[in-house]
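See structure below.
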Amino acid sequence: MLTAPVASVAMARAVPTPHAVAAADVKALAAATDTFLKKYVSPEGNVNYRAVKSSPAQLNTLVQQVQTMAVQSLTPAEKKAFYLNAYNVLVIGAVLESYPLTSVMKLPGFFDKKQLTVAGEKMTLNELETNKLRKPYNDPRVHFALVCAAKGCPQLSREAYTPAKVEAQLTAQAQRVLRNPKFIRVEESTKKVQLSEIFKWYDADFKATGKSTVAYINQFRGRQLIPAGFTTDYYTYDWTLNDSGR
């Protein structure tokens, strides 16, 4: 009976699977994104666009990794982490194309017309958000992780999302955002809470959890619960660029 040479068997076993290669690439992107965010994002979540524009190599490499990533064999957690990082990287890249800039709203079609390449597919930022994150995962926490380059957005995390920790990271980010008095504005004197318009625009996403908006928010607020009798309203979204370098 013929048997394969030992060396040949060892070589065959050493060949990584497509999933192993793709998973390693996702981890590498997360690590590189984490380094980038810690370098250019302030503790308040603002981006030093001026500094990035003066030395764009690091961002350009991230954008290229996002464009060429192979996602077909990835697990749901790996895809979730990848697309969260991809969105935040691509937003910064798109801002830099027109920087200096005071607001992305001065760029018609920034979210719904501009075509970007994500893992070999052409899509807009809105399509990335909806088709790769909102619909597949039905997880409203993503709204606190995706940052659209505006002061009114949730603050951008200085930590990239990783497949191993993405669920814990999303919970921590929701807690950070929903306990921020600038984002959830509780007025004890008037018994009113002013909410970000994110809760109006994506009302269906939050209602799909089976909770009221206030009940959804309260699960992330620890002891800072919004009293049941408080009324809710929305403050105007601030589209000023989240720029720390001005």
Side-chain angles (χ1 to χ4, degrees), residues 12-41 45 47 57-94 111 114-149 153-177 198 202 205-206 208-209 219-220:
R13 288 176 179 170
V15 175
T17 66
H19 171 257
V21 173
D25 288 343
V26 168
K27 289 180 181 177
L29 173 64
T33 301
D34 194 81
T35 299
F36 173 83
L37 294 172
K38 285 177 170 55
K39 183 175 181 180
Y40 292 108
V41 178
V47 181
Q58 199 171 356
L59 177 64
N60 291 343
T61 298
L62 293 177
V63 171
Q64 185 176 32
Q65 288 177 285
V66 167
Q67 292 172 338
T68 59
M69 187 68 63
V71 298
Q72 292 79 3
S73 65
L74 294 179
T75 66
E78 288 164 345
K79 287 183 179 179
K80 195 174 194 178
F82 166 69
Y83 285 120
L84 287 168
N85 291 329
Y87 185 96
N88 291 332
V89 165
L90 292 176
V91 165
I92 294 172
F111 294 106
K114 183 179 178 62
Q115 293 285 313
L116 302 167
T117 302
V118 186
E121 292 184 73
K122 288 286 187 181
M123 64 187 76
T124 65
L125 287 169
N126 280 356
E127 288 169 339
L128 169 55
E129 176 183 6
T130 299
N131 299 332
K132 302 302 181 181
L133 288 165
R134 288 178 58 213
K135 287 183 177 179
Y137 296 101
N138 296 314
D139 183 353
R141 293 176 303 170
V142 302
H143 292 301
F144 313 122
L146 302 178
V147 180
C148 55
C153 293
Q155 67 184 75
L156 178 60
S157 174
R158 302 177 75 222
E159 180 180 64
Y161 295 93
T162 66
K165 299 193 298 180
V166 65
E167 297 304 320
Q169 287 176 310
L170 283 171
T171 294
Q173 177 68 358
Q175 291 170 338
R176 184 181 304 118
V177 171
I198 285 174
Y202 299 105
D205 290 11
F206 293 101
T209 66
Q219 68 185 328
F220 298 104

side-chain contact (heavy atoms from CB on, under 4.5 Å) partners for A24, two or more places apart:
none
With side-chain contact (heavy atoms from CB on, under 4.5 Å) as the criterion, how do K79 and V26 come out once you've worked through the C-alpha distance, each side chain's angles and the decisive distance to 0.1 Å?
CA-CA 8 Å; K79 287 183 179 179; V26 168; over 6 Å; no
Shortest non-hydrogen pair, V166 vs A77, comes out as CG1-O, 4.2 Å
Minimal non-hydrogen separation, H19 against T75, with atom names
NE2-CG2, 3.8 Å
Would the distance check show the side chain of T209 and the main-chain N or O of D205 forming a donor-acceptor pair, the cut-off being under 3.5 Å?
no
Using modelled atom types only, decide if a donor and an acceptor are shared between the side chain of Q173 and the backbone of F144 within a distance under 3.5 Å.
yes
Show your reasoning for whether side-chain contact (heavy atoms from CB on, under 4.5 Å) applies to R176 and S157.
CA-CA 9 Å; R176 184 181 304 118; S157 174; 4.2 Å; yes
Going by the salt bridge (Lys or Arg N to Asp or Glu O under 4.0 Å) test, which pairs reach into residues 123-132, not counting sequence neighbours?
E121-K132
Selection residues 18-36 - residue pairs positive for salt bridge (Lys or Arg N to Asp or Glu O under 4.0 Å), sequence neighbours left out
D34-K38
With side-chain contact (heavy atoms from CB on, under 4.5 Å) as the test, would you mind laying out the steps for R141 and T171 before giving the verdict?
CA-CA 7 Å; R141 293 176 303 170; T171 294; 2.7 Å; yes
Give every residue pair that meets the side chain to side chain donor-acceptor pair (under 3.5 Å) criterion with at least one member in residues 58-68, sequence neighbours excluded.
none
Holding to side chain to side chain donor-acceptor pair (under 3.5 Å), I want the full list of residues that pass it with T130, two or more places apart in sequence or in another chain.
R134
Between Y202 and F206, does the ring centroid distance fall short of 6.0 Å?
no
What donor-acceptor contacts under 3.5 angstrom involve side-chain atoms of residues 81-91, with partners at least two apart or in another chain?
residue : atom : partner : partner atom : Å
N85     : OD1  : Y161    : N            : 2.9
N85     : ND2  : A81     : O            : 3.2
N85     : ND2  : Y161    : O            : 2.7
N88     : OD1  : V147    : N            : 3.0
N88     : ND2  : A145    : O            : 3.1

